[in-house]
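Working notes, beginning with the structure itself.
Numbered from 1 within each chain, the chains take letters A, B, ... in sequence-line order. Quick caveat: nothing in here was measured; it's all calculated off a predicted structure.
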Protein chains: 2
Amino acid sequence: MSLPERTVERLSEYRRSLLQCLEEGKTHIFSHELAELHHNTAVQVRRDIMFIGYTSMQRKGYDVRELIDVIGDILDSEKGLNVAVVGIGNLGRAVTTYFVGKRSKLNIIATFDVETTKIDRVISGVKCYPLSRLKEVVASHQISIAIVTVPADSAAEVSSQLVEAGIKGVLNFTTVPLDVTKDVYLDEYDMITSLEKVAYFVKTSRS
Amino acid sequence: MSLPERTVERLSEYRRSLLQCLEEGKTHIFSHELAELHHNTAVQVRRDIMFIGYTSMQRKGYDVRELIDVIGDILDSEKGLNVAVVGIGNLGRAVTTYFVGKRSKLNIIATFDVETTKIDRVISGVKCYPLSRLKEVVASHQISIAIVTVPADSAAEVSSQLVEAGIKGVLNFTTVPLDVTKDVYLDEYDMITSLEKVAYFVKTSRS
DNA sequence: AAAATATTGTTAATTTAATCACAGTTTCAG
DNA sequence: CTGAAACTGTGATTAAATTAACAATATTTT
């Protein structure tokens, strides 16, 4: 019933490029063009698009606007989802600024921190609440997704508070793997892993 | 000859946890313990470790320190690699701060930006150079990896300058896919894709 | 010291993902 | 109006990654 993770990722990536195309006034795009942009193959693109049941006008490529809409039907929730950023250090601030306004169906509507100096501060139009009010604010604002950017040593604690508060999806930018109940979707990203991967392939390509 | 990407990623993740174990004074760890930490299976862990040719003392679990060393032999370059962060906006600053000192074999030794107000500023001990001096500084400091955190509209240009300067690995945090020659290893990470993936699975788990 | 238990290492089976190969369309050139 | 060219959509195939299954080994229990 639900698409493979890799396909979901690629669809999101395609949309990003398609939105770019739209801005540039490009109305149609071929599978091999999308493929080249995303370092994969035309067949892969066509297969992904087949997956979501869209079919182009033959020989003219895909209609950019239509494809954006179809991907939207798959990826987006109709009413949008509300998102909170937990932990307003350097990374938390950067992430908040970065996300605000990027996608109309994903609204960053609160940030949280423990430090009293940060409470009530507004970052890119988003207000910072004390972590102690997490459950209450999550409920009143119907927040379903949390981006976690707290320091490593408070990550586990924060994670269980999020579950407790009824969060349904977590994006973890912390250096420690989190542990959530299995009704909560968890995605973990660690920059160090990415960088070490790059380093590994740089290393092996030379020897 | 070179390991699958996913395996490299997991090894990096395991090491992260192993370092944590070391700090906590834990000297041995079972495959199922590592598996649980990383949301995968004991078989998977054993297979990954088999891949790198390490074998534990039977029945006592893996020796934490030894395993860290073996993973290091695989992932790290003997003399370490030098890394630059290009683009010192919010994200660039956060990333720089985040990385400095995290891994002894990956040294962040320069940052670059175009804005004159940022030149010569020092972030977490790392100096900011004008982008115009890229090639020169990359050569003189033997920088082989670049982390790209510039705005979307200058990404393509920066990317070709990096290739030109002789960079061998790129980690792209920009919202546009880059295009590099194929002797350069490229890893792209877009937070929006991660967040959209979380949103998608939150959405589908409810319906 | 035999039996039961816990754990690794690895071969084989299975599942999942990616690629090939090609038929079916549309367009274009002559 | 015919044939070549340019694409897409998809069944078949191949390759890659994961999981299952179990023998081998060390430890503990009785």
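No engagement by B/T7 is indicated, since no non-hydrogen atom pair under 4.0 Å with the nucleic acid exists. Counting non-hydrogen atoms under 4.0 angstrom, B/R47 reaches a base of the nucleic acid.
Comparing D/dG9, C/dA17, C/dT8 by their nearest atom to the side chain of B/Y62 picks out C/dT8. Of the listed nucleotides (C/dT27, D/dA21, D/dA26), C/dT27 has the atom at the smallest distance from the side chain of A/K60. Distances were taken from every side-chain heavy atom of B/S56 (C-beta onward) to each of D/dT19, D/dC7, C/dG9; the shortest belongs to C/dG9.
Electrostatic pairing of B/E196 and A/K105 does not count as a salt bridge here, judged by no charged N lying under 4.0 Å from a carboxylate O.
The CZ atom of B/F51 sits 11 Å away from the C1' atom of D/dT18 (whole-angstrom rounding). Atom pair B/L67:CG and C/dT7:P shows a separation of 17 Å (rounding to whole Å applied). Atom CD in A/Q44 sits about 13 Å away from atom C1' in D/dA15, given to the nearest Å. Per the geometry, CD1 belonging to A/I49 stands 15 Å off P belonging to D/dC7, to the nearest Å. In this structure, the CE atom of B/M50 is 14 Å from the P atom of D/dT18, given to the nearest Å. In this structure, A/E33 atom CD and D/dC7 atom C1' are separated by 11 Å, rounded to whole Å. Rounded to an integer number of Å, the gap from A/R46 CZ to C/dA21 C1' is 11 Å.
No cation-pi contact links B/K203 to B/F201, judged by a cut-off of 6.0 Å to the six-membered ring centre and 45° from its axis.
More than 12 heavy atoms of other residues, nucleotides or ligands lie within 6.0 Å of CD in B/E33, so this atom counts as buried by the packing criterion.
When only modelled atom types and interatomic distance are considered, B/E188 and A/H38 share no side-chain donor-acceptor pair under 3.5 Å.
OP1 or OP2 of C/dA18 has at least one side-chain nitrogen or oxygen of A/R10 nearer than 4.0 Å. At least one side-chain nitrogen or oxygen of B/T55 sits closer than 4.0 Å to the OP1 or OP2 atom of C/dG9.
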